[in-house]
Amino acid sequence: MDIEDEITGRYDPHDLEPDVKGYWDEADAYETAKEAHADDPNLYFLDGPPYTSGQMHLGTAWNKTLKDAVIRYLRMRGHDVTDQPGYDMHGLPIEVKVEEKLGFENKSDIEEYGVENFIDECKEFANDNLDAMNDDFRSMGVWMDWDDPYKTVSKEYMEGAWWAFKRAFDRGLVERGKRVINQCPRCETAIADAEIEYDEIDSPSIYVKFPLEDEDGSLVIWTTTPWTIPANLYVAVDEDAEYAKVRATKDGDEEFLYVASECVEDVLRAGRYDDYDVRETFDGSALVGRGYEHPLVDRVPRQKELDNEEGVHEVYAADFVETDRTGLVHSAPGHGVDDFEVGQENDLPVFSPVGEDGVYTDEAGDYAGKFVRDANEGVTDDLTDGGYMLAEGTHEHRYGHCWRCDTPIVFVATDQWFITVTDVKDRLLEEIDKSEWHPQWARDSRFRDWVENARDWNVSRQRYWGIPVPIWICDEGHRTCIGTRDELQERAVGDVNVEELDLHRPDVDEVHVECADCGEPAERVVDVFDVWLDSATASWASLGYPSDEEAFDELWPADLIIEAHDQTRGWFWTQLGMGVTALDEIPYKEVVMHGHALDEDGRKMSKSVGNIVTPQEAIDRHGVDPLRCFLLSHDQHGDDMRFSWDEIEAKKRTLNVVWNTYRFPLPYMRLDGFDPDETTLEDVETTTADDWVLSRLQTVESEYAGYMEEYEIDKAQKALLDFLTEDVSRFYVQVVRPRMWEAEDSPTKNAAYATLYAVLEQSVRMLAPFAPHLAERMYENLGDVTTVHALDFPEADDALRDETLEKRMDVLREAEEAAANARQQAERKLRWPVRRIVVSTDEDDVRDALGALEPLFLDRVNSKSLEVVEEYDELVEVAEPQMGAIGPEFGEDAEKVMKAVRDEPREKVEDGVEIDGETVTLDEDMVEYTDKTPEDVEAVGFDGGTVYVDVSLDDEIRAEGYARELVRRVQEMRKELDLDVEERIRVSFDAEDDEILELAERRTDYILEETRADGIADEVDADLTEDWDVEGIRVTVGVEVLTV
RNA sequence: GGGCCAGUAGCUUAGCUAGGUUGAGCGUUCGGCUGAUAACCGGGAGGUCCUCGGUUCAAAUCCGAGCUGGCCCA
């Protein structure tokens, strides 16, 4: 293998990435990588299908990038990873978008337009979005099987959902019944808990008096939904709380009110009563069973009938009652979940005089035909007129809205199809424990909490674009559930070819089947499934099960899923629900739960706030790989990520260091014809620095693998990038630089080549999951395989690991830093050698380290010698004059004394100082002494000791220093002349001060060698002449290029 | 109103499981290097560890209350 291309350009993702993408296409790199691992043990990764109603945003970009990094890594580790992406393509959100597009306002517009036409529009909309999203994800460099995504609209997929529903049906877990559900009055359908968004709204806040039947007094209730009062059937109390009977007076009239004791003051103030006194207190249980008169009984005739039913318009005890407001809760089983449940427990009827469009039905009497929210006013007026209103105001609170059309939802009791997950709740909770979550608290706190509180799942929607509920009902009311297309074909009445049938509405509506019970023709119920049921079945439906059993048998359940924390109520939950109801098993083994992408201020990104940053913007500004590395550099286990332009840019700079580290040795390798296959680590004599960086490489490989094992992607990335910047670029490359321009057959140079090659070739594999484009581009010059992404993970080789050496090098680097710092204090550049460095330490480790690494240390700090001592005994004690004592004694001479004494060595001061020709001795209290380094020595401490650098000059050092100064100027000029490394020159020097040249002359050989000059002459036929300032002295340098 | 998570330098964060001198990157500033050079490297400044209380010889870390933000629920 040869190092071929010369890399001269800078790291520019905008150049590099399209280039690499082009190469991938051309070379079928993705297919090659998959092929390389096709025979490995399989690993079923399951992609959570994004919804095809919009474009990729930063959150989905993060999600897919994380998945991509994990898939690439797992492949490297020897797994045949399933990487089929999926798309969630049915459902209300798409219907709403299409309705908007067509200018529709309600369901009758759709019916008028024709269901078939509408379905076609939805299909097209979803497909168009799918294509756009495919492109978006591809642009992030995500390698998944984009040519063959699973689609929830395919026949095979829909069949998978039917099959699962039938399983639940057969196990008795499907029920139809009245339940209170969330109804979107605009979409005219039930919507799932997961489809509700909460926003702040202003609602009426009313206190209403319900007169007791058996005495002169009223129960006081509070509500924010006056429109539910026409459906009130009972009042709930907390049986353990204390309640009070209050005598209240206003304008001379007196009345009796019942409220919770805690609320008396607030309620009476709200009702603007003049005065009150509590007559009696008792437990809530004392109120249970008391009857009251419905305040709107005259407006709602049906209430009169209901009043005659057993138990209606009485007080009941309920857990959900809190003693805020009044402690008495108006309850309408037709309009509240809790109200409904307590009503059921007490065998109360359900009264819900509201249609699916949110308009009162005839049963609502005077209110019939009015939209409920608009009826609030009429209801409150009627209550006021009847004398029932105690107080009226508004209340701001969070209220549920339809997540797609933003209409406030209403709770109504309607007939719906349910999967009764509450019947298998114990199993659900058991199965949770079989899955492993990252982070674990997501499972044990968050998810468990959700599952424990889960209600039966309403899976039916009164809509069009969804998987039809596969239940057919005959005239007798028997239910026939169809689980597969074959079954449908068998049972279908008349001439039906199921193979050619689109399973969507309206086609499937036209198929009649033979009832399983009585054999009579049955008709399909018109509902479609809640779209969450679609994705819930992904683990088998995406594999084509049940029509194709092979993949299912081999792969199911999924080994791994990766989604954001909002999926606790979404996909994590729905999959568990369907998995357990259909297959009695949790359908995934491992979960990685990441966070959301927030804006730079930590707020969520939203259209209305206008703080959305699109992935495309970030790519345009900084490139895909920097964005990917940024997204993967934060905690990936549940924490949200704050977006930051600065951070992406910083990532780009870090990748640039990686790029330069790679770019640096290439020209030399190429020039020398270095062949990594021939010159391997076994063939070369490595130096200490080589051994060290190779050891570090093994350490990083094992750390990286350890982090990835736990899906701590951010930590793995950091370990790798820290290694490449801190260890390789900042240290190793600096150390080996001189070796790069040694003679052609230099063994140490070859060792450096072989070492750097190993470091780069293996690091690039580790970089591949994070920055796939950059890694690919780098690899092109490092190996022969089509793509870096087909390679195996570089396993750490313990034989190359030397922990002692790594520790010693840490010490060396600490001491080196201290020495550099001391030089800076002494204002002595690194170019000038120093005579001596002394390190004082009382730690054996430090002594051993510097002893073992002395040559390297001397080279690094450019010192002639190193001494390691326990105690540095060259400190001098110097005087600090104490003016408090000197002042009074010497009066106006005090300042002279101070100056004469300050910083003088102890002996000198003790011998007496000379002031104006007179020798003066000082008392002990006039001087204190402190330790100071001798002149020309600077000291800097480090963790483990102190470094003393002696920067005193002699001719030898000055000769070397000046020689290096001159060399550097000549190099600069060579560069200006754009000379190649091999080209020879002749130079001339002329200086104001001859001393420079005389000293430098001692190092003529060195100068000739370093500058590739054939000679130094007094005068040359210069191609370039320049004046330089060398340590304050003007030097004229002439360079003549010699033609060969 | 409830559950869960987070709050550390101007910004992004590590440290928190197992208490013992808060560490890094970016930015800023001063400097070095000059055969990776519109690159690379070093030093400095910069912190009430969200607030208040508790436990402890010792709290960023453990406990309690609160504030702010996020997700989920009512």
Side-chain angles (χ1 to χ4, degrees), chain A residues 7-8 10-11 193-194 196-198 320 322 324 336-338 397-400 439-450 452-455 564-570 572-573 593-605 630 633-635 637-654 656-668 714-715 718 721-722 725-726 729-731 733-734 737-738 740-741 816-825 827-831 940 964 967-972 974-975 979-982 1010-1012:
Chain A
I7 308 296
T8 47
R10 302 168 55 209
Y11 171 58
D193 290 347
I196 293 172
E197 269 177 9
Y198 291 86
F320 62 81
E322 284 173 30
D324 58 355
V337 176
D338 290 330
H397 63 141
R398 288 166 68 79
Y399 192 83
Q440 209 192 323
W441 57 255
R443 183 190 79 177
D444 293 340
S445 303
R446 217 165 204 272
F447 194 48
R448 178 167 292 277
D449 181 59
W450 165 270
E452 277 169 354
N453 293 315
R455 295 190 271 143
H565 49 41
D566 57 332
Q567 296 303 326
T568 354
R569 69 164 175 176
F572 298 147
W573 157 243
M593 185 189 89
H594 62 90
H596 278 182
L598 308 178
D599 77 0
E600 298 210 68
D601 299 321
R603 306 281 166 157
K604 76 170 164 187
M605 292 189 183
F630 166 76
S633 63
H634 296 77
D635 182 284
H637 293 176
D639 260 11
D640 290 335
M641 172 204 67
R642 276 167 90 147
F643 183 78
S644 161
W645 286 112
D646 288 349
E647 289 299 305
I648 300 184
E649 198 171 355
K651 264 308 166 203
K652 185 161 74 179
R653 268 198 289 271
T654 304
N656 187 38
V657 174
V658 173
W659 175 250
N660 279 316
T661 304
Y662 152 79
R663 193 159 67 118
F664 152 72
L666 286 187
Y668 305 106
D714 52 319
K715 294 199 166 99
K718 189 168 165 21
L721 293 181
D722 281 356
T725 53
E726 300 281 332
S729 169
R730 207 164 289 178
F731 194 79
V733 165
Q734 305 305 324
R737 267 166 84 164
M740 292 292 131
W741 51 91
E816 181 193 329
E817 250 179 60
N821 200 349
R823 271 180 174 275
Q824 198 166 326
Q825 282 180 22
E827 296 185 330
R828 182 60 37 88
K829 308 173 193 177
L830 188 58
R831 201 181 299 144
V940 170
R964 286 178 72 155
V967 165
R968 170 161 124 56
R969 268 62 179 197
V970 176
Q971 304 284 33
E972 185 73 34
R974 283 189 65 112
K975 205 169 92 194
L979 298 186
D980 271 349
V981 184
E982 314 92 276
E1010 288 294 308
T1011 60
R1012 311 235 164 172

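Residue numbers begin at 1 in each chain, while the letters A, B, ... track the order of the sequences.
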Pairwise [atom1] distance, [M] and [N] [rounded to whole Å]:
N     : M     : atom1 : result
B:U13 : B:G54 : P     : 32 Å
B:G2  : B:U8  : C1'   : 29 Å
B:G19 : B:C26 : C1'   : 31 Å
B:G66 : B:C30 : C1'   : 44 Å
B:A38 : B:G44 : C1'   : 26 Å
B:A60 : B:U21 : C1'   : 13 Å
B:C52 : B:U68 : C1'   : 15 Å
B:G46 : B:U29 : C1'   : 11 Å

Nearest-Å distance for atom pair [atom1]/[atom2], residues [X] and [N]:
X        : N     : atom1 : atom2 : answer
A:Phe643 : B:U13 : CZ    : P     : 12 Å
A:Met641 : B:C11 : CE    : C1'   : 15 Å
A:Phe731 : B:A36 : CZ    : C1'   : 18 Å
A:Asp639 : B:U8  : CG    : P     : 12 Å
A:Lys651 : B:C26 : NZ    : P     : 11 Å
A:Leu721 : B:U12 : CG    : P     : 20 Å
A:Arg823 : B:C33 : CZ    : P     : 9 Å
A:Asp444 : B:C72 : CG    : P     : 20 Å

What nucleic acid atoms does [X] come within less than 4.0 Å of, heavy atoms only: base, sugar-phosphate, or nothing?
X        : value
A:Thr568 : nothing
A:Val733 : base
A:Gln734 : base
A:Ser729 : base

(request) Determine the minimum heavy-atom distance between A:Ala454 and A:Trp573, stating which atoms define it. (result)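 Nearest heavy atoms, A:Ala454 then A:Trp573: CB-CH2, 3.6 Å.
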[X] side-chain proximity, nearest of [options]:
X        : options             : result
A:Arg569 : B:G42, B:C73, B:U12 : B:C73
A:Ser644 : B:A36, B:C11, B:U34 : B:C11
A:Glu972 : B:U34, B:U12, B:A39 : B:U34
A:Asp640 : B:U34, B:G70, B:C40 : B:G70
A:Arg730 : B:C41, B:A36, B:C72 : B:C41
A:Arg968 : B:U34, B:G25, B:A36 : B:U34

(request) Can you measure from CZ (A:Arg443) to CG (A:Asp449) and round to the nearest 0.5 angstrom? (result)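 Between A:Arg443 CZ and A:Asp449 CG, I get 14.5 Å after rounding to 0.5 Å.
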(message) Return the NZ to OH distance between A:Lys652 and A:Tyr11, rounded to the nearest 0.5 Å.
(response)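 Answer rounded to 0.5 Å: 8.0 Å.
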(request) In plain terms, say whether A:Lys651 and A:Glu647 are close enough for a salt bridge, that is, a side-chain N and a carboxylate O under 4.0 Å apart. (result)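 Salt bridge absent between A:Lys651 and A:Glu647.
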Could you let me know what [N] is paired to, Watson-Crick or G-U wobble, both distances under 3.5 Å, or none if it's on its own?
N     : value
B:A45 : none
B:A39 : none
B:C71 : B:G3
B:C57 : B:G20

(request) Kindly assign one of parallel, tilted or perpendicular to the pair A:Tyr662 and A:Trp659, based on the angle between their ring planes and the thresholds 30° and 60°. (result)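 Tilted, since the angle between the ring planes falls between 30° and 60°.
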(message) Quick check: A:Trp450 with A:Phe447 (ring centres under 6.0 Å apart)?
(response)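 Between A:Trp450 and A:Phe447, which both carry aromatic rings, the centre distance is not below 6.0 Å.
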Does [N] have OP1 or OP2 sitting under 4.0 Å from an N or O in the side chain of [X]?
X        : N     : result
A:Arg653 : B:A38 : no
A:Arg831 : B:U34 : yes
A:His565 : B:C4  : no
A:Arg737 : B:A36 : yes

(message) Heavy-atom nearest nucleotide on RNA chain B for A:Thr654 versus A:Asp635: which residue maps closer to 5'?
(response)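 This one resolves to A:Asp635.
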(message) Quick check on RNA chain B: between A:Arg642 and A:Asp566, whose nearest nucleotide comes earlier from the 5' end?
(response)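 Between the two, 5'-proximity favours A:Arg642.
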(request) Please step through side-chain contact (heavy atoms from CB on, under 4.5 Å) for the pair A:His596 and A:Asp640, ending with a clear verdict. (result) CA-CA 5 Å; A:His596 278 182; A:Asp640 290 335; 3.5 Å; yes
(message) Given the structure, check if the side chain of A:Glu647 and the base of B:G25 hold any donor-acceptor pair shorter than 3.5 Å.
(response)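 Result: at least one qualifying N/O pair found.
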(message) Whether the side chain of A:Arg446 and the base of B:C71 hold a donor-acceptor pair under 3.5 Å is what I'd like checked.
(response)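 In this structure, the two groups form a donor-acceptor pair.
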(request) I would like to know whether A:Glu726 and A:Phe731 meet side-chain contact (heavy atoms from CB on, under 4.5 Å); could you show each step before the answer? (result) CA-CA 7 Å; A:Glu726 300 281 332; A:Phe731 194 79; over 6 Å; no
